[in-house]
Visitor: 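Next up is a structure, given as structure tokens.
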Amino acid sequence: MRRLPAILYSFATTLLILVFASPARAEDEVRIQEEIWALPLPLPMFAYLVRPVGDGPFPLVIMNHGVSLNPTDRSFFPLVEFRDAAKWFAKRGYLVVAPVGSGYGAQAIDIPERALFGPFFSKVGKCTNPNFHDAGLAVAQVDLWIIDYLAAEKRIIPKDVIVVGQSAGGWASIALSSVNPPQVKAIITFAAGRGGRVGGKPNNNCAPDKLVAATADFGRTSRVPMLWIYIENDTFFGPDLSKRMHAAFTAAGGRAEYHLMPPFGNEGHFFIGSPDAIPLWSPLVTKFLDAQK
């Protein structure tokens with residue numbers, strides 16, 4: 001794996017020790033701690049990490065966030081998008097990594113007239129001919145880098161990896177399943193897809209037929225057990241579209257258990273980001289993960 005220049009590696013190493021401990025309550029089975037890491041990957045990036053207290057190694061959960069095609073929106077992207085969900089996994093013994101994709105936060109610079117472009121690499125192109133396939137695989141490659149890095153550092157159990165993704169992060173997780181990495185034993189997606197709400201309009205997908213076709217393409221080679229969770233009042237990927245995606249994926253040979261949850265709040269797309277949703281999705285996730293043991 002390619003290494004960072006010495007000065008950047010030193011910076012990354014320094015950030016590894018920036019720990020903010022989560023106070024443990026008496027009723028918690030597992031004491032956890034939260035950290036911010038700079039990951040020295042081929043494409044360096046920050047990550048939120050939460051894990052049980054101790055040296056490990058631990059089973060790994062990678063959590064992939066969604067995307068915004070608007071650089072201004074990406075500049076305000078939170079460092080920790082799924083903190084409560086991540087802590088739920090950590091309290092069950094997982095080391096959880098939620099990478100912040102390149103082109104977010106301070107990196108969300110896109111001023112073409114000054115020849116400044118942020119390193120945002122997950123665009124799908126124009127709606128007339130979107131490239132959903134490669135946009136998913138680009139983020140999936142980051143997941144593989146993270147697994148390789150943490151395995152080399154002996155911080156994780158290499159064959160005990162779960163990948164979780166929301167929205168475009170869920171789409172990347174579906175893409176990852178198509179290459180069947182041997183380290184990944186299960187994948188869970190929430191509101192997975194690409195091209196939702198074009199122009200900010202609800203239920204206005206960029207190219208739904210192409211999205212379904214790309215889903216089928218991933219299903220032809222995917223054999224990783226998957227759990228797909230969608231929400232009835234998701235205006236990015238509504239029930240009709242998500243059911244078409246699932247039917248195409250499984251008809252092509254993919255393994256995916258589909259669940260449509262009742263409406264949640266004003267917009268179901270951000271279901272996993274709410275602590276109030278944990279009691280709703282955690283029984284499904286627990287049952288699914290128990291079945292993979």
Side-chain angles (χ1 to χ4, degrees), residues 22-25 27-30 32 34 47-52 59-68 73 76-101 104 139 143 162-174 186-194 196-197 202-203 225-243 245-246 256-292:
S22 175
R25 299 188 301 270
E27 65 270 23
D28 288 339
E29 291 184 11
V30 178
I32 61 175
E34 300 173 85
Y48 166 73
L49 186 145
V50 57
R51 62 182 178 86
L60 172 66
V61 168
I62 299 175
M63 301 191 75
N64 295 319
H65 64 69
V67 304
S68 171
D73 291 344
F76 292 103
F77 199 83
L79 180 62
V80 183
E81 191 176 22
F82 313 125
R83 186 181 183 192
D84 293 289
K87 289 168 69 175
W88 182 88
F89 281 102
K91 289 175 181 177
R92 280 144 189 83
Y94 292 94
L95 183 156
V96 184
V97 176
V100 180
Y104 289 84
V139 180
D143 291 344
I162 309 296
V163 176
V164 179
Q166 186 265 349
S167 191
W171 178 249
S173 304
I174 295 173
I187 292 174
I188 303 166
T189 69
F190 291 81
R194 286 303 305 259
R197 287 186 66 111
N203 301 305
M226 303 185 72
L227 173 65
W228 292 13
I229 297 175
Y230 288 90
I231 304 85
E232 283 187 9
N233 64 332
D234 182 341
T235 65
F236 289 74
F237 309 106
D240 291 343
L241 180 55
S242 65
K243 288 176 182 177
M245 292 168 63
H246 180 256
E257 178 183 329
Y258 176 95
H259 286 274
L260 183 64
M261 306 295 290
F264 183 83
N266 296 323
E267 172 56 74
H269 189 66
F270 304 105
F271 181 69
I272 191 177
S274 171
D276 295 333
I278 293 177
L280 304 178
W281 58 255
S282 59
L284 288 175
V285 169
T286 299
K287 181 179 179 182
F288 171 72
L289 292 179
D290 285 348
Q292 312 313 318

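The residues of the chain are indexed from 1 along the displayed sequence.
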Visitor: With sequence neighbours excluded, tell me which residues meet salt bridge (charged side-chain N to carboxylate O under 4.0 Å, His left out) with Glu267.
Guide: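 Partners of Glu267 by the salt bridge (charged side-chain N to carboxylate O under 4.0 Å, His left out) criterion, ordered by chain and then number, come out as Arg197.
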Visitor: Looking at Phe237 and Gly193, what are the two nearest heavy atoms and their distance?
Guide: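 Scanning both residues completely, I find the closest heavy atoms to be CZ-C, 3.1 Å.
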Visitor: Quick check: closest heavy atoms across Ile231 and Leu260, and the distance to 0.1 Å?
Guide: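 Heavy-atom minimum between the residues: C-CD1, 3.8 Å.
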Visitor: If we ignore hydrogens and angles and just use 3.5 Å, is the side chain of Asn233 paired with the main-chain N or O of Phe264 as donor and acceptor?
Guide: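 It does hold such a pair.
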Visitor: Look at atom CG of Asp290 and say whether more than 12 heavy atoms of other residues, nucleotides or ligands are closer to it than 6.0 Å.
Guide: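 Yes, the 6.0 Å shell around CG holds more than 12 heavy atoms from other groups.
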Visitor: Rounded to the nearest 0.5 Å, how far apart are CG of Leu280 and NE2 of His259?
Guide: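 Separation between the atoms: 13.5 Å.
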Visitor: Residues two or more places apart in sequence or in another chain: which of them pass salt bridge (charged side-chain N to carboxylate O under 4.0 Å, His left out) with Asp240?
Guide: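 Partners of Asp240 under the salt bridge (charged side-chain N to carboxylate O under 4.0 Å, His left out) test: none.
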Visitor: Locate the shortest heavy-atom distance separating Ala192 from Tyr230; write the atom from each residue and the value.
Guide: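 Shortest heavy-atom contact: O-OH, 2.8 Å.
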Visitor: Supply the atom-to-atom distance Asn203 CG to Phe236 CZ, rounded to the nearest 0.5 angstrom.
Guide: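 The CZ atom of Phe236 is 10.0 Å from CG of Asn203, to the nearest 0.5 Å.
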Visitor: Given the rule in the side chain to side chain contact (heavy atoms under 4.5 Å, CB included) test, do His65 and Tyr48 qualify, once you have shown the distances and angles that lead to the verdict?
Guide: CA-CA 11 Å; His65 64 69; Tyr48 166 73; over 6 Å; no
Visitor: Begin from the C-alpha positions of Val50 and Arg83 and carry the test side chain to side chain contact (heavy atoms under 4.5 Å, CB included) through to its verdict.
Guide: CA-CA 9 Å; Val50 57; Arg83 186 181 183 192; over 6 Å; no
Visitor: Ignoring hydrogens and angles, tell me if any N or O in the side chain of His269 forms a donor-acceptor pair with the backbone of Ser167 under 3.5 Å.
Guide: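 Pair absent, no side-chain N/O of His269 close to backbone of Ser167.
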Visitor: Which atom names give the shortest non-hydrogen contact between Ala256 and His246, and what distance separates them?
Guide: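 Closest approach of Ala256 to His246, heavy atoms only: O-NE2, 2.7 Å.
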Visitor: Among Asn64, Thr189, Asp143, find the one that has a side chain to side chain donor-acceptor pair (under 3.5 Å) with Ser173.
Guide: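 Among the candidates, only Asn64 passes.
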Visitor: Take Thr286 and Trp88 through the side chain to side chain contact (heavy atoms under 4.5 Å, CB included) test and state the conclusion after the steps.
Guide: CA-CA 11 Å; Thr286 299; Trp88 182 88; 3.5 Å; yes
Visitor: Enter the distance from Met226:CE to Gln292:CD here, rounded to the nearest 0.5 Å.
Guide: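 Met226 CE to Gln292 CD: 11.5 Å, rounded to 0.5 Å.
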Visitor: What's the separation between atom CD1 in Ile62 and atom CZ in Phe89, rounded to the nearest 0.5 Å?
Guide: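 So the gap between those two atoms works out to 12.5 Å.
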Visitor: So Met245 and Tyr258, do their side chains get closer than 4.5 Å, heavy atoms only?
Guide: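 SC-SC contact between Tyr258 and Met245 ruled out.
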Visitor: Is there side-chain contact between Tyr94 and Val164, with at least one heavy-atom pair below 4.5 Å?
Guide: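 Heavy-atom side-chain distance check fails, nothing below 4.5 Å.
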Visitor: Search all heavy atoms of Phe82 against all heavy atoms of Ile272 and return the closest pair with its distance.
Guide: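 Heavy atoms only, the tightest pair is CE2-CG2, 3.6 Å.
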Visitor: Could you state the interatomic distance from CH2 (Trp228) to CD1 (Ile174), rounded to the nearest 0.5 Å?
Guide: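 Reported to 0.5 Å precision, the distance equals 4.0 Å.
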Visitor: Using every non-hydrogen atom in the two residues, find where Val96 and Ala86 come nearest and quote the distance to one decimal.
Guide: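 Scanning both residues completely, I find the closest heavy atoms to be CG2-O, 3.5 Å.
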Visitor: Evaluate side chain to side chain contact (heavy atoms under 4.5 Å, CB included) for Met261 paired with Leu284, printing each intermediate quantity in order.
Guide: CA-CA 10 Å; Met261 306 295 290; Leu284 288 175; 3.6 Å; yes
Visitor: Rounded to the nearest 0.5 Å, how far does CZ of Phe271 lie from CD of Gln166?
Guide: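 Here the rounded value is 11.5 Å.
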